[in-house]
Engineer: 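A single structure is presented below for examination.
What's counted below: heavy atoms across the whole structure, side chains too, no hydrogens, waters or symmetry copies.
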Amino acid sequence: MDRALPVAFVTVYCVIVYLLFPFFSGSLRWMNEWLNLPECTLVSGKYVDNLEYLNQHQLLGTHSRYDLRRDGRGAPEPSPAQTLRVPLSPALESFSERHPRKYYYDEGRGVLVVVGRVTPEEHVALRTMAKDATARNSVDDFWFSSNAVQDEWEARQLSSEERQFLFDNRIELMWQAPGNWMWNWMWHHHAYVLLPVFEYSAGKPLQEINTQYGWMNVVLLATVLEWLGGVTLQRYLCAWFGIYLLYYALFLGLTWMLLGRRPALAVSAALLACSGLSLMGFVALPLSPGWSPARHFLDVFVIFFFFQYVRYRSWKRLAAGHAVALVGLANEMTFGLALLAALHVATLGRAVLESKLPNLVDLVAVLVSALFAGLILMFGRVGTNHLLPYYLQGYMSQPLEPAIMAGLLLAAAAGYGLLWLSRGTTGYLRPVALLLLVYCQGLLVYYVWNTSRFHFLSLLPLMGLTMGVLLALTVEANPGFQRVGKLVGCSALALSTFVFVLGLGIYHGSRAQYERIFSTHQVHEWKFTRASIESTVDPAYFESAVQLLVKYAGGDDAVYIISKYDNIVPFLAGKYSAMPFFELSRFTITESEIQRSAELITRAKPRFLFVDTDVTRSFLPDAIDAATEYVGFLHGESVERALRLSALGEVFQRVKSQYELAEEGLLLSVYVRRDACSPIPMVKGLQNRAQ
């Protein structure tokens with residue numbers, strides 16, 4: 001077993017490298033994440049245009065989807081059966097506002113449009129607004145025709161070709177259509193790190209940058225990427241996933257140190273650490289920076305120093321552990337608080353576990369670090385984290401099921417029960433087990449406020465290590481358990497091996513599905529200075545938008561942009577958004593953010609404003625009907641997307657009178673300030689050093 005243990009650990013680490021390699025190797029293929037951007041799918045031996053095929057075959061509903069090449073600034077042509085020709089009135093406007101998930105008024109065509117069918121209740125409400133018999137008959141026709149069309153659509157049978165088309169596009173639609181946390185695949189999620197890093201590199205003051213995942217991470221990554229030659233997507237991904245490799249190397253070393261005397265439990269913990277990555281699957285694994293160990297990277301050092309303090313009673317090691325925990329708190333509050341609180345409990349609880357009073361060194365360490373922690377929380381905030389209050393209030397999160405809450409409470413009780421059963425031991429692992437147990441409970445806050453399984457899987461390495469330490473303590477402390485110690489170890493190893501194999505199966509299955517996208521879709525090569533990838537979306541649409549920014553913004557790094565593409569187009573152009581939020585559609589949660597964005601434009605008076613060409617249209621035609629095969633479950637999310645994007649139109653409407661159209665493009669249009677002939681005060685970024 002002495003030789004088998006290092007072989008097992010090296011093997012596990014090699015598997016981790018294998019799982020992550022595609023994401024930092026620079027060879028990643030990128031699927032189309034944007035719902036309204038055209039792409040082509042291979043159907044019956046030839047490529048067909050997705051938007052045209054979906055609309056011609058009505059695969060996502062009876063309504064037509066928006067096509068930027070055809071519809072321009074307006075909504076697509078609605079089906080006559082789903083329109084009611086009626087002048088806009090306060091009563092009709094109120095009706096539309098009460099039913100924003102189904103109805104919109106097309107002012108250009110003078111019709112009320114329903115996406116789906118008119119219900120009996122809605123029919124009665126519309127009929128009461130009718131002023132005469134002719135209007136009431138029109139409402140009746142609207143009711144009958146919308147239901148007849150919807151009934152016919154739901155009853156039809158898709159051809160094998162149509163089913164295959166939907167099947168081949170299901171994964172991309174799963175990331176294009178949602179409007180909640182699954183909004184785009186990697187561009188949206190990694191923008192929370194990549195764009196702050198780019199902004200800092202371009203000279204934007206750190207206090208004005210959104211540092212949701214830690215301001216030190218932003219500064220460190222920007223420094224490293226500058227040293228490597230500048231901020232690009234390829235260099236960023238290499239650096240970001242390199243953090244995974246470094247952390248897991250340290251974590252496996254810590255696991256070996258704590259559980260080396262129990263090889264079966266040590267290997268079990270290592271396998272679970274790897275399984276936390278593989279169980280996510282190939283598509284979801286790189287999705288969110290929140291799952292990266294970068295946010296809690298320093299916990300391995302804190303656990304190590306505390307372990308060394310308990311073992312050797314060196315106050316210097318204890319001081320080092322508290323100092324590192326304070327650095328983690330300064331960088332990122334959520335995980336930093338959980339780690340520091342666990343360290344305080346373990347520092348004071350060590351003596352209690354040994355039936356003693358805390359000594360002076362323990363008390364001084366806790367009091368001093370608590371004092372510095374208070375100062376950091378009050379005065380040490382660097383950057384901004386605008387979404388944190390909304391996360392804490394439960395916005396943008398999935399509800400916590402009672403069964404899950406009960407399971408978490410039972411798991412915590414079991415952990416403390418095992419800690420109590422180990423009371424017969426005087427070894428150095430028991431205080432470490434207390435530290436790990438309390439820390440895991442603190443980390444579960446991250447899972448509780450959004451009960452995505454991926455949030456839990458990202459914490460699985462620490463959960464597995466904690467369970468391994470608790471089992472090792474229980475076996476060592478109880479003579480009765482020592483007789484079945486091998487059975488406990490073998491059982492844990494068998495279970496973790498099963499999970500490990502299951503994870504590899506999930507990873508390879510999802511990877512095969514993802515790779516299939518590129519065999520069934522036309523693939524394009526992107527050759528942007530900051531993004532060189534292969535993708536199913538034609539880069540020409542972004543190239544034209546980038547040209548507009550370069551043409552009108554000139555040498556200014558900061559641009560004022562109201563767009564659902566503001567997390568990619570400015571970056572590709574070597575610029576960043578001067579708006580209050582780098583991704584406006586994600587951050588405009590309430591009226592407050594809409595007003596703040598409009599007031600900034602009014603106050604700053606930028607000469608040029610870059611706006612989505614379709615910013616004021618209704619996005620309800622993009623919704624996916626609930627009866628659609630394969631992707632019908634995305635209906636609610638697709639409607640949520642439409643409502644979220646409507647906030648961009650609201651921001652533009654509040655400043656529109658100050659601007660006039662200068663140039664219209666497919667994705668973006670440029671508006672020039674009406675008094676542009678006079679000197680214009682405008683925020684200027686520093687010259688982009690990443691150029």
Engineer: Roughly how far, to the nearest 0.5 Å, is the CG atom of L285 from the OG atom of S278?
Structural biologist: 9.0 Å
Engineer: How far apart are the closest heavy atoms of L648 and S585, and which atoms are they?
Structural biologist: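 So the two residues come closest at CD2-N, 3.8 Å.
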Engineer: Please check if the side chain of Q212 supplies one atom and the backbone of Y192 the other of a donor-acceptor pair under 3.5 Å.
Structural biologist: no
Engineer: Looking at CZ of R262 and CG of L429, how far apart are the two atoms once the value is rounded to the nearest 0.5 Å?
Structural biologist: 10.5 Å
Engineer: Going through the distances and angles, do L258 and V432 end up as a side chain to side chain contact (heavy atoms under 4.5 Å, CB included)?
Structural biologist: CA-CA 9 Å; L258 295 178; V432 176; 4.2 Å; yes
Engineer: Describe, in one word, how the ring planes of W187 and W30 are oriented to each other, choosing from parallel (under 30°), tilted (30 to 60°) and perpendicular (over 60°).
Structural biologist: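 Rings of W187 and W30: tilted, 30 to 60°.
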Engineer: Ignoring hydrogens, what is the shortest heavy-atom contact between A239 and L221? Give both atom names and the distance.
Structural biologist: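 Heavy atoms only, the tightest pair is CB-CD2, 3.7 Å.
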Engineer: Is there side-chain contact between V283 and W175, with heavy atoms separated by less than 4.5 Å?
Structural biologist: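 Side-chain contact under 4.5 Å: yes.
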Engineer: Start with the C-alpha distance between L19 and C274, add both sets of side-chain angles, then the distance that settles side chain to side chain contact (heavy atoms under 4.5 Å, CB included), and finish with yes or no.
Structural biologist: CA-CA 9 Å; L19 296 176; C274 180; 3.9 Å; yes
Engineer: How far does NZ of K564 sit from CG of L645, to the nearest 0.5 angstrom?
Structural biologist: 6.0 Å
Engineer: Examine the side chains of E583 and H188 and answer whether a donor and an acceptor come within less than 3.5 Å of each other.
Structural biologist: yes
Engineer: Return the minimal non-hydrogen interatomic distance between L318 and A365, and the atom names on each side.
Structural biologist: CD2-CB, 3.7 Å
Engineer: Considering only heavy atoms from C-beta outward, does the side chain of T211 approach that of T384 to under 4.5 Å?
Structural biologist: no
Engineer: Just wondering, do N331 and N217 contact through their side chains at under 4.5 Å, heavy atoms?
Structural biologist: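 A side-chain contact under 4.5 Å exists here.
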Engineer: Hydrogens and angles aside, do Y416 and Q441 bring a side-chain donor and acceptor to less than 3.5 Å of each other?
Structural biologist: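 Yes, side-chain donor-acceptor contact under 3.5 Å.
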Engineer: Taking all non-hydrogen atoms of both residues, which atom of G489 and which atom of L265 are closest, and how far apart?
Structural biologist: CA-CD2, 4.3 Å
Engineer: I'd like to know if the side chain of Q595 pairs up with that of S592 as donor and acceptor (distance under 3.5 Å, no hydrogens or angles considered).
Structural biologist: no
Engineer: Output yes when a side-chain donor or acceptor of E599 lies under 3.5 Å from a complementary backbone atom of R596, and no otherwise.
Structural biologist: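 Here the side-chain-to-backbone pair does not exist.
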Engineer: E332 side chain to T334 main-chain N or O, any donor-acceptor pair under 3.5 Å?
Structural biologist: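 Such a contact is found between E332 side chain and T334 backbone.
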Engineer: Please report whether the ring centroid of Y446 lies less than 6.0 Å from that of H455.
Structural biologist: yes
Engineer: Is the charged tip of R295 near the ring of Y213: under 6.0 Å from the six-membered ring centre and within 45° of its axis?
Structural biologist: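 Geometry flag: not set, cation outside 6.0 Å or 45°.
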Engineer: Is it the case that the side chain of H190 and the backbone of W185 share a donor-acceptor pair, with hydrogens and angles ignored and the cut-off at 3.5 Å?
Structural biologist: no
Engineer: Any chance you could measure L363, atom CG, to L348, atom CG, to the nearest 0.5 Å?
Structural biologist: 6.5 Å
Engineer: I'd like to check L377 versus L337 (side-chain heavy atoms, cut-off strictly below 4.5 Å). Are they in contact?
Structural biologist: yes
Engineer: Determine whether a donor-acceptor pair (N or O, by modelled atom type, separation under 3.5 Å) exists between the side chain of W315 and the backbone of D362.
Structural biologist: no
Engineer: Measure centre to centre between the rings of Y428 and F307, then say whether the value is under 6.0 Å.
Structural biologist: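 Centroid distance Y428-F307: below 6.0 Å, so yes.
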Engineer: Mind checking whether F581 and F587 have parallel, tilted or perpendicular rings, split at 30° and 60°?
Structural biologist: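 Ring orientation of F581 relative to F587: parallel.
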Engineer: Given side chains that start at C-beta, do those of I561 and P570 come closer than 4.5 Å, heavy atoms only?
Structural biologist: yes
Engineer: If you round to the nearest 0.5 Å, how far is CE of M467 from OG of S496?
Structural biologist: 12.5 Å
Engineer: Determine whether the aromatic ring centres of residues F198 and F571 are separated by less than 6.0 angstrom.
Structural biologist: yes
Engineer: Taking atom OG1 of T474 and atom CH2 of W420, what is their separation to the nearest 0.5 Å?
Structural biologist: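 Those atoms lie 11.0 Å apart.
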Engineer: Kindly indicate whether the side chain of R453, heavy atoms from C-beta on, has any atom under 4.5 Å from the side chain of L279.
Structural biologist: no
Engineer: Not counting sequence neighbours, which residues clear side-chain contact (heavy atoms from CB on, under 4.5 Å) with L367? List them please.
Structural biologist: none
Engineer: For V267 and A8, work out which heavy atoms get closest and say how close.
Structural biologist: CG2-CB, 3.9 Å
Engineer: Please step through side chain to side chain contact (heavy atoms under 4.5 Å, CB included) for the pair Y447 and L408, ending with a clear verdict.
Structural biologist: CA-CA 11 Å; Y447 170 68; L408 295 178; 4.2 Å; yes
Engineer: Spell out, as yes or no, whether a donor-acceptor pair under 3.5 Å connects the side chain of T232 to the backbone of R235.
Structural biologist: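 Answer holds: yes.
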Engineer: Do E476 and R261 meet the salt-bridge criterion of a basic N to acidic O distance under 4.0 Å?
Structural biologist: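 A salt bridge links R261 with E476.
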Engineer: Is the side chain of N567 donor-acceptor paired with the backbone N or O of A191 at a distance under 3.5 Å, no angle test?
Structural biologist: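 Between the backbone of A191 and the side chain of N567 there is no qualifying donor-acceptor contact (under 3.5 Å).
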Engineer: Suppose we screen for side-chain hydrogen bond (donor to acceptor under 3.5 Å, both in side chains). Which residues come up paired with T347, at least two apart in sequence or across chains?
Structural biologist: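 T347 satisfies side-chain hydrogen bond (donor to acceptor under 3.5 Å, both in side chains) with H322 only.
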Engineer: Flag the pair F23 / F282 as yes when their ring centroid distance falls below 6.0 Å, and as no otherwise.
Structural biologist: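 F23 vs F282: aromatic centres under 6.0 Å.
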Engineer: Would you say that K316 contacts Q308 through its side chain, given a criterion of any heavy-atom pair below 4.5 Å between the two side chains?
Structural biologist: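 No; the side chains remain at least 4.5 Å from each other.
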Engineer: Does the gap between the ring centers of Y312 and Y309 come in under 6.0 Å?
Structural biologist: no
Engineer: Which donor-acceptor pairs under 3.5 Å do the side chains of residues 240-254 make with protein atoms, sequence neighbours left out?
Structural biologist:
residue, atom, partner, partner atom, Å
Y247, OH, D299, OD1, 3.0
Y247, OH, D299, OD2, 3.4

Engineer: Going through the distances and angles, do V310 and R350 end up as a side chain to side chain contact (heavy atoms under 4.5 Å, CB included)?
Structural biologist: CA-CA 8 Å; V310 172; R350 179 194 62 81; 4.0 Å; yes
Engineer: Return the minimal non-hydrogen interatomic distance between S577 and E199, and the atom names on each side.
Structural biologist: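 That would be O-OE2, 4.4 Å.
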Engineer: Any side-chain heavy atom of W291 sitting closer than 4.5 Å to one from F454?
Structural biologist: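 Yes, close enough: below the 4.5 Å cut-off.
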